[in-house]
Undergrad: 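Questions regarding the structure given below will be posed in turn.
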Amino acid sequence: MSKNKKLRIIPLGGLGEVGKNMTVYEYGKDILIVDTGIMFPENDMLGIDYIIPDFNYLLNKADRVVGIVITHGHEDHIGAIRHVLDDIPAPIYATPLTRGLIEAKLARNNVLGKASLNTVEAGQSIQLGVFKVELFHVCHSIPDAVGLGITTPAGLIVHMSDYKFDHTPVDGWPTDFAKLAELSKRGVDLLLSDSTNSERPGWTPSEMVIGPALDDVFAAAPGRIIIASFASLISRIQQVADASVRHERKLAFAGTSMVDNAKIARKLGYLEIPEETLVPLEQALNMDPKRVALMCTGSQGEPSSIIGRLSAGTNRQFDLKPGDTVVLSSHPIPGNEESVSRAINRMLRRGANVIYDAIAPIHVSGHASQEEQKLLLNLVKPKNFIPIHGELRQLKRHAYLAQQVGVPDENILVVENGQVVELEDGKLHLGERIPGGYVFVDGQSIGDIDHGVMREREKLARSGIFLIDLNVDKYSGRLLGEPEIITRGFLSPDEANELLPEVRGRIMDIVNGGGLDAEKDIASAVKSFLYNETKRRPMVFVTLSKA
Ligand SMILES: [Zn+2]
Ligand SMILES: [Zn+2]
């Protein structure tokens, strides 16, 4: 059998984690990329802005990439696009809203000129090299999301990125069941689908349930209402706008990404807000609090976001005041629970009433739960199945559901990023492993921060720093003056008063005792002294200049 008969499926992101979704399909010399997302850093990844997939595998194959298809406009699907374009200048295909959001992102980074963007509507198909890609509409928490039917010489693939089976979505446009049935009729060789909620029994509630919950909040709020969500949760923005109209409040957006996304979505007709309802933020801040709703980002409690700053009392344009009602209309991303909870407590302390998803149905997931996942499997009837989008536990659970509805065990593969899978003669095989890890983006620098650096940052943050600067005579090796000591994040002022003279004395003894490997000796002596006294271990650095 020639090597060319195989379809290679290369998961570069989103398998074994939540976020940075990116899947590569390779057949012969043609390569198709689906999604290029980012992931937000976990608590212990200090100073990291976000994480992009490791796409080194593609670097020497850039000319073979026939296209990049993006399923929808969420950051975990579009966020890494400019980094991918830096190395892989392939044409991008997306539905109108997704394209608009990508355009805005590229323009913000001044790289729009580099991209070749193409609009494809749900229901259309495109031929990209050997791949025939059919886009069909799916419901999610952002309008204009699609699933993909990908016809390849090795078989028909259904790539189901984020979706839910909402019969009453905000935009009135349900998932295209007919297309799924039609693909199924043709015989689907492989289904890949979203596992995010595979641990959740039942059906994900419709977006519709949020309307009445928002009505309750709007009816009861004695003053301003501040609603936080993701800037890309366009459907939620629509619902808040609708509630504002119903309760005769003016609506203002705060934060660049929220303002930008709302503008794009309105321009393209995916967000309908009457002109007279929208007011600029400055105007809203000067109006009767009972007539105003503000919508902003920061529902994850990130310290740099508006909600983070409001909770800390450091927001520039406005402060929280008693009588405000804050609505966190999202669910904490795993790992963010702590910062969300901290932000809630702080805002309560400032006198605001805070409503969050544990106490009112002001958020529903955009992802399919178990019954929807089983319905999809039954509808598509795939010969083979690979769960995507989720941590290992969610992928495993999704695999179990597939077994339950009759996909044979041997036709299901649970793999994580970097594990190549091959589809040949209708059967799945494991291929080789390639790097599938994290590439950290920290300000302007990409990928220069390795795990060692991360561990050092962690240690610095956890245990503090102890710097000793020594001036010694280059001939005699004797100290010129007292050692200078700088310490941060380690000693309280009282401890410093007590311990630092002792540390200085010990250092002088060592140096003046003639040890000329003094830096090392001093560092270890100081470390053990500090440990004995405090039972803590800071990072100790000794610098020695000779004059
Ligand atoms: Zn999504
Ligand atoms: Zn996603």
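From a predicted model like this one, the values you see are computed outputs, not experimental measurements. Each ligand, and each atom within it, is numbered from 1 in the order the structure gives.
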Undergrad: Any idea how H140 and H74 line up, ring-wise: parallel (<30°), tilted (30 to 60°), or perpendicular (>60°)?
TA: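 Perpendicular: the ring planes of H140 and H74 meet at over 60°.
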Undergrad: Can you tell me if H389 has an N, O or S atom under 2.8 Å away from the Zn ion (ligand 2)?
TA: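 No.
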Undergrad: Are H137 and Y163 near enough that their ring centres are under 6.0 Å apart?
TA: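 No, ring centres 6.0 Å or more apart.
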Undergrad: Find, among atoms of H77 that are N, O or S, the one nearest to the Zn ion (ligand 2), and state its name.
TA: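 The atom in question is NE2.
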Undergrad: Give, rounded to 10 degrees, the angle between NE2 (H72) and NE2 (H140) as seen from the Zn ion (ligand 1).
TA: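 Between NE2 of H72 and NE2 of H140, the angle at the Zn ion (ligand 1) is about 100°.
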Undergrad: Relative to F177, does K179 satisfy both conditions: NZ or CZ under 6.0 angstrom from the six-membered ring centre, and within 45 degrees of the ring's axis?
TA: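 No, cation not above the ring by the 6.0 Å, 45° rule.
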Undergrad: Does a side-chain N-to-carboxylate-O contact under 4.0 Å join R64 and E26?
TA: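 E26 and R64: salt-bridged.
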Undergrad: What angle, to the nearest 10°, do the atoms ND1 (H74) and OD2 (D162) form about the Zn ion (ligand 1)?
TA: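 It rounds to 170°.
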Undergrad: Write the atom name of the N, O or S atom in D76 that is nearest the Zn ion (ligand 2).
TA: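 The Zn ion (ligand 2) is closest to the D76 atom OD2, counting only N, O or S.
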Undergrad: Is any side-chain heavy atom of E121 closer than 4.5 Å to one of L135?
TA: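 Sidechains of E121 and L135: no contact.
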